[in-house]
Amino acid sequence: RLGRGEPLVLPPSDIREVDAVATALRQVDAELQDYRNGLESLVAERTRELERSKAQLETVYASAPVGLCFMDTEMRVVMVNDYLADINGRPAREHAGRTLSEILGPLGAEYEQCYRRVAETGRPMGEIESTGDAPSAPGQQRHWIASYFPVYGPDAALMGVSAVVLDITERKLLQQRERDHQEMFRALFEASGDAHLLLAYGAGFVSANQAAADLFGFATPAALLEESPASLSPLLQADGRPSNEVAIEYMRRTLDEGRDAFEWLHLRADGSQFHADVLLTRVDIGGVGMMQATVRDISTRVAAEAALRATGVQLEAALRLAEQASRAKSEFLANMSHELRTPMNAIVGLARLLEEGHLGQRERGYVARMRTAARSLLGMLSDLLDFSRIEAGQLTLECIPLRIDDVLSSITVLGGPGAWAKEVELAFAVDPAVPPLLRGDPVRLEQVLLNLVGNAVKFTERGEIVLSIAL
């Protein structure tokens, strides 16, 4: 009974020795019962722990971010997770106990080859890349990388083959995009007509294209890379500052602000200097302190600007000479107008004296016309003087009493003969509302009206010319 774990029941006895043995047996029975109960509790706890561990393992296996599959030696699926089942386009439960050929047909037989090779050789196969259509998405090319491992039991016998499969399509696309970007950069950098260089702060040139080598007078970019920004710059820049000091300032500003543009005085391989526009841009290539430089030769522009400045100096000198000549002309006109006024005033005075003498009506008319013509000539001389005043900005208009009839009489004397010679009649139409006495500048008014009449006579072949005056 003790061996079977059954309770031990002894009848009471009057014999002392039998009773002592019975007491000892009952004590042993109680200890055995306690041990048995403790062992059952321990087994039950261990069983629950194993079940929890199994459930956790199954959860991790099923939800792993890679494809997992375990095949037995007969190439039947023992376990497969959801990741790989989704690639195959079948639920995980439909894989158990079946071969890949039964699940995926000819494509499955192709997949089985790696499993069979590992089972036959007992050696793992790592990182096998393959490309093809996913069974779950025909027509969409995918890329995978897979590793296969033999699984052995406690007795060192082969239990099956385990596989790890990872979809690397996105990685391949990223790699392709990176190659495309590198190719575009190569095309833009190396094939560009502009000079491009990569340089490191405090180190020197890292890379350069052929255009840069040509600009600096080197046969190849490799020859240019043996130089440095300091060796391709004179000791002093155009503003007199040391090149090294200014270069460090520009590079620090580029690293702090992202970019900087400036003019620079460079040296070519033959020692000749040239002016350049430089654009420095901070780039994240190879670590901190990298910059990309675009250099353009602006020597022609600088020379043109210098020539333009020289031309400006010449223009200023020519302008000063022109102003001097203008002042001299104005002074000449003023002097000549004054010189001519003296004899003309004498003519007007003599004509007035003749009118006071005993003249016939015909001769008196001639003298009047002579005085009128002389006054007009004096007006022209005044115009010459006014021209010099206009240039000096000193011309002013008079505002004195004037008679419109006197102005028209003067125009008749000066413009009438030309019209009569062409048999064109010159007439004046004065509105009765116009007062006989006005205020203004009679000389300027006469000049304006005389110009109008003169142009009318010039372009009129027959008929009449009418000068209308109205308010």
Side-chain angles (χ1 to χ4, degrees), residues 193-195 211-212 214-217 229-230 232-254 257 259-281 293-342 377-399 441 443-444 447-448 450-451 454-455:
D194 289 330
D214 296 339
L215 177 63
F216 285 95
L232 295 179
S233 302
L235 292 178
L236 301 177
Q237 285 298 302
D239 58 0
R241 298 174 62 190
S243 294
N244 286 342
E245 176 184 323
V246 182
I248 291 174
E249 176 184 331
Y250 286 144
M251 285 191 283
R252 285 178 176 172
R253 186 183 307 161
T254 300
E257 301 179 5
R259 60 182 298 164
D260 195 13
F262 51 89
E263 290 189 10
W264 193 257
L265 193 59
H266 268 301
L267 290 177
R268 289 191 172 91
D270 59 4
S272 61
Q273 295 184 358
F274 69 96
H275 292 267
D277 262 342
V278 179
L279 174 62
L280 275 182
T281 305
T294 301
V295 184
R296 292 182 179 177
D297 188 347
I298 59 169
S299 299
T300 302
R301 189 187 79 188
V302 172
E305 291 174 350
L308 183 60
R309 286 192 295 270
T311 302
V313 173
Q314 295 175 355
L315 288 176
E316 290 178 359
L319 180 59
R320 286 194 296 271
L321 291 175
E323 291 174 347
Q324 294 174 0
S326 177
R327 286 194 297 270
K329 180 187 66 175
S330 299
E331 293 174 358
F332 172 77
L333 290 175
N335 292 333
M336 288 300 297
S337 63
H338 283 296
E339 294 294 332
L340 292 175
R341 275 174 176 272
T342 301
L377 187 55
L378 281 173
M380 294 179 185
L381 293 175
S382 297
D383 292 344
L384 290 175
L385 183 60
D386 291 342
F387 180 77
S388 63
R389 290 175 179 172
I390 290 173
E391 289 187 337
Q394 299 176 352
L395 179 65
T396 57
L397 296 177
E398 294 181 332
C399 185
D441 192 329
V443 176
R444 304 293 178 272
Q447 289 173 352
V448 173
L450 187 58
N451 286 335
N455 288 332

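Under the salt bridge (Lys or Arg N to Asp or Glu O under 4.0 Å) criterion, Arg252 pairs with no residue at all, not counting sequence neighbours. Among residues two or more places apart in sequence or in another chain, the side-chain hydrogen bond (donor to acceptor under 3.5 Å, both in side chains) test is passed with Arg296 by Asp194. In terms of the side-chain hydrogen bond (donor to acceptor under 3.5 Å, both in side chains) criterion, residue partners of Glu263 (sequence neighbours excluded) are, by chain and number, Arg301. For Leu232, the side-chain contact (heavy atoms from CB on, under 4.5 Å) partners at least two apart in sequence or on another chain are Phe205, Phe216, Phe218, Leu224, Glu227, His266.
Proximity of Thr281 to Thr254: side-chain heavy atoms (C-beta onward) are nowhere separated by under 4.5 Å. Between Arg259 and Leu279 the shortest side-chain heavy-atom distance falls below 4.5 Å. Using a 4.5 Å heavy-atom threshold, the side chains of Glu249 and Glu245 count as separate.
Scanning all heavy atoms of the two residues, the minimum distance from Leu265 to Gln237 falls at N-OE1, 2.7 Å. Pairing each heavy atom of Phe274 with each of Ser299, the nearest pair is CB-OG, 3.3 Å. Heavy-atom minimum distance, Gly217 versus Ala269: O-CB, 3.5 Å. Taking all atoms of both residues into account, the shortest heavy-atom contact from Trp264 to Ala247 is CH2-N, 3.7 Å.
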- Task: Decide side-chain contact (heavy atoms from CB on, under 4.5 Å) for Val295 and Asp277; before the verdict, give the C-alpha distance in whole Å, the side-chain angles of both, and the deciding distance to 0.1 Å.
- Result: CA-CA 6 Å; Val295 184; Asp277 262 342; over 6 Å; no

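Counting only residues at least two apart or in different chains, salt bridge (Lys or Arg N to Asp or Glu O under 4.0 Å) contacts with residues 266-276 comprise Arg268-Asp297.
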What side-chain donor-acceptor pairs closer than 3.5 Å can you find for residues 307-321, not counting sequence neighbours?
residue, atom, partner, partner atom, Å
Thr311, OG1, Ala307, O, 2.8

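If you take OG on Ser243 and CD1 on Ile248, they are separated by 11.0 Å, rounding to the nearest 0.5 Å.
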